[in-house]
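So you know, we letter chains A, B, ... as the sequences are listed, proteins then strands, and number each from 1.
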Amino acid sequence: MAAPNFRAPKGTRDIFPPESTRLRALIDEFAVVAARSGFGEVISPIFEDLGVFRRLGESTDVVTKEMFDFFDKGTPPQRLALRPELTASICRAYAEHRPVPPWKVWYEGPQFRYEQPQAGRYRQFTQVGVEVLGTDDPQADVDVIVLAAGFFESLGLRQVELALNSLGSSGHQGSRVAYEQALRSYLVAHANDLSAQSQVTLERNPLRVLDSKRSQDREVIAGAPVMVDYLDAESAAHFSAVRAGLEAVGVAYEISPRLVRGLDYYTRTTFEFAAPGLTGAQNAVGGGGRFDGLVEALGGPATAGIGFALGVDRILLACDAEGVFDTPFCGVDVFVVDVTGGTEALKVCTDLRQAGIAADRGYGGRSMKAQMKLANRSGADFAVIIGEDELRSGEVTLRHLGDGTQQRVARAALVNQLGKKRAL
RNA sequence: GUGGGCGUAGCUCAGUUGGUUAGAGCGCCUGGUUGUGGUCCAGGAGGUCGGGGGUUCGAGUCCCCUCGUUCACCCCA
């Protein structure tokens, strides 16, 4: 392969049609589903003060080693970072502007993590998500989960599995603290049977050990105390209300007592969507939970929050695996072939486009044969052909590219004709 | 950050134990007479074999480094 001077940076890629069309369609579908549940879109900056993301927790990899951070040109320079996720940005926006709760927002866009790329894992990736701030009503949790499940369904995905857990309340009196202590002492007692990596993880955050996929750790983890047994009364009630809500609307789920999400801010409800159709280890297509302390950690008022983020790139892979959500058509309706110099194509295309008909034409005054090839490739149903004859008589030839039939049509009647044919 | 696989035309790939001007299919371009695509036929363009260094009379083929990619760990979407 020739060696171009530049390539897309590691872990990033260029997305061309028709894949880009499909990605856009997926985001559009999400926008429709979210709006239907009363969510409005928030467009926040792609970079933030590094401190915003520091609040995600100093024991998370996302914060400690995966941040794309840099200094701006101010005096003194400000330390900024490309967003590794959007929940923190949304909470910062809430703390800054104090919208009236409950604040229901959805978002979409690129996020950045300096990781080792892999199938379904990029340094720049796209997520869609929602957050509800300002209520800890368990039915908000349910609404949010049902929204995600409904979105998967609207794409045609059938095999997405929902795993549910509660991490209990955080804070000094919270049940999470009691559980962490119990878990830590259990794991410490069995440390000799854990893998070396898990022993390191244990120091940092015992909860994360539950996430280990190493076979060596399996036995110890299986015997570990379970969060659900340590829930305080309030958290337990919240959890069973969420479960009751899911059952009321018929959304299937599985309690997954070892589901630990990677970001430290999660409290109480946590959940994850997995697509078993995806090969490899990257089969989580989305996840979320409560982050009741995050707004406060960012300097805002004590505010409950619940939300999720879905990985667009992985969802598309899951759609491929199930053979659903086909790439939408991304061609034009009509292709104009002009062998009289091109000015007629210019005029006809302009007329068609003004009438709302997608039209394209060839450039460079190529032969009719070459232009017909372009017409064929464009995906258009019709070719409008303009030669010297048509030019003289004020007509065009309208050719149906499917069956090859064609007819002469007066120039003035073209838009009308096409409108009628397209309606068929 | 750690380990394994891979890296030949735009795409998917062949390239014998290192040996003459590096190939195929698809795609692209131009033709197949006088204005017509999608099928068919014939031509053509396009590669310093990811990049750099080394071994050798000679390397796409061997060695080292590097970059990218892929799989796994880690982590997460």
Side-chain angles (χ1 to χ4, degrees), chain A residues 1-13 16 56 59-66 84-87 109-129 148 195-198 200-201 204-205 208-209 211-217 259-263 272-275 278-288 308-318 335 337-340 362 364 366-391 397-406:
Chain A
M1 187 183 300
N5 287 325
F6 299 104
R7 301 192 222 183
K10 181 170 181 161
T12 69
R13 64 222 153 109
F16 291 173
L56 298 177
S59 73
T60 65
D61 284 3
V62 168
V63 171
T64 55
K65 50 185 192 194
E66 295 175 1
E85 58 121 59
L86 264 152
T87 303
Q111 287 147 71
F112 308 85
R113 260 118 97 156
Y114 193 84
E115 294 186 275
Q116 208 52 240
Q118 208 175 311
R121 191 170 77 179
Y122 306 96
R123 287 185 173 182
Q124 174 176 335
F125 58 101
T126 304
Q127 286 187 335
V128 295
S195 63
Q197 283 148 312
S198 285
V200 174
T201 307
R204 207 166 34 119
N205 185 342
R208 201 69 49 66
V209 175
D211 242 355
S212 165
K213 295 179 193 100
R214 290 172 288 271
S215 54
Q216 192 190 338
D217 299 328
L259 174 62
V260 180
R261 310 265 321 136
L263 299 163
E272 194 167 286
F273 293 96
L278 292 188
T279 55
Q282 315 301 325
N283 68 349
V285 292
F308 65 70
L310 311 179
V312 169
D313 311 296
R314 286 187 195 170
I315 291 173
L316 254 14
L317 291 175
F335 195 94
V337 172
D338 175 6
V339 289
T340 69
R366 296 223 264 154
S367 71
M368 172 166 286
K369 179 177 176 130
Q371 290 189 52
M372 284 303 293
K373 284 186 83 141
L374 296 179
N376 187 57
R377 209 183 302 156
S378 74
D381 287 331
F382 294 97
V384 167
I385 301 167
I386 304 164
E388 296 299 339
D389 282 5
E390 288 88 344
L391 189 55
T397 293
L398 182 57
R399 181 179 176 87
H400 184 81
L401 291 169
D403 58 26
T405 57
Q406 62 184 46

Who pairs with [N] - Watson-Crick or G-U, where each distance is under 3.5 Å:
N	result
B/C74	none
B/G46	none
B/G18	none
B/G23	B/C13
B/C40	B/G32
B/U55	none
B/G7	B/C67

Rounded to whole angstroms, how far apart are [atom1] on [X] and [atom2] on [N]?
X	N	atom1	atom2	value
A/F6	B/G51	CZ	P	17 Å
A/M368	B/G37	CE	P	9 Å
A/R123	B/C76	CZ	P	17 Å
A/L259	B/A77	CG	P	10 Å
A/R377	B/U39	CZ	P	11 Å
A/N283	B/A72	CG	C1'	14 Å
A/M372	B/G32	CE	P	16 Å
A/I386	B/G35	CD1	C1'	13 Å

Between the base of [N] and the side chain of [X], is there a donor and acceptor pair under 3.5 angstrom?
X	N	result
A/N376	B/G38	no
A/R113	B/C75	no
A/R399	B/G37	yes
A/E390	B/G35	yes
A/Q406	B/U36	yes
A/E272	B/A77	no
A/R208	B/C74	no

Distance under 6.0 Å and angle within 45° of the ring axis: does A/R123 meet both against A/Y114? yes
Just checking [X]: base, sugar-phosphate only, or nothing, at a heavy-atom cut-off of under 4.0 Å?
X	result
A/Y122	base
A/R366	sugar-phosphate
A/G379	nothing
A/V285	sugar-phosphate
A/G129	nothing
A/L310	nothing
A/Q116	base
A/K369	base

Name the closest nucleotide to the [X] side chain, picking from [options].
X	options	result
A/I385	B/U36, B/C73, B/C75	B/U36
A/K373	B/U36, B/A77, B/G37	B/G37
A/K10	B/U69, B/A77, B/C74	B/U69

Under 3.5 Å, is there a donor-acceptor pair between the side chain of [X] and the main chain of [Y]?
X	Y	answer
A/Q127	A/F125	no
A/R314	A/A284	yes
A/R399	A/Q406	no
A/E85	A/Q111	no

When the [atom1] atoms of [N] and [M] are considered, how many whole Å apart are they?
N	M	atom1	answer
B/C41	B/G50	C1'	37 Å
B/U16	B/G60	P	12 Å
B/C76	B/G23	C1'	44 Å
B/G27	B/U70	P	27 Å
B/C62	B/U39	P	40 Å
B/C74	B/U55	C1'	39 Å
B/C28	B/G37	P	14 Å
B/G46	B/G25	C1'	15 Å

Toward the 5' end of RNA chain B, which comes first, A/V339 or A/G11, by nearest nucleotide?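 Between the two, 5'-proximity favours A/V339.
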Quick check: on RNA chain B, is the nucleotide nearest A/T397 upstream (toward 5') of the one nearest A/Q127, or the reverse? Name the residue that is more 5'.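 Checking each residue's closest nucleotide, the 5'-ward one belongs to A/T397.
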[atom1]/[X] to [atom2]/[Y] distance, rounded to the nearest 0.5 angstrom?
X	Y	atom1	atom2	answer
A/L401	A/N376	CG	CG	6.5 Å
A/K373	A/M368	NZ	CE	15.0 Å
A/T405	A/F382	OG1	CZ	7.5 Å

With the side chain counted from C-beta on, respond yes when A/I385 and A/M372 share a heavy-atom pair under 4.5 Å apart, and no when they do not. yes
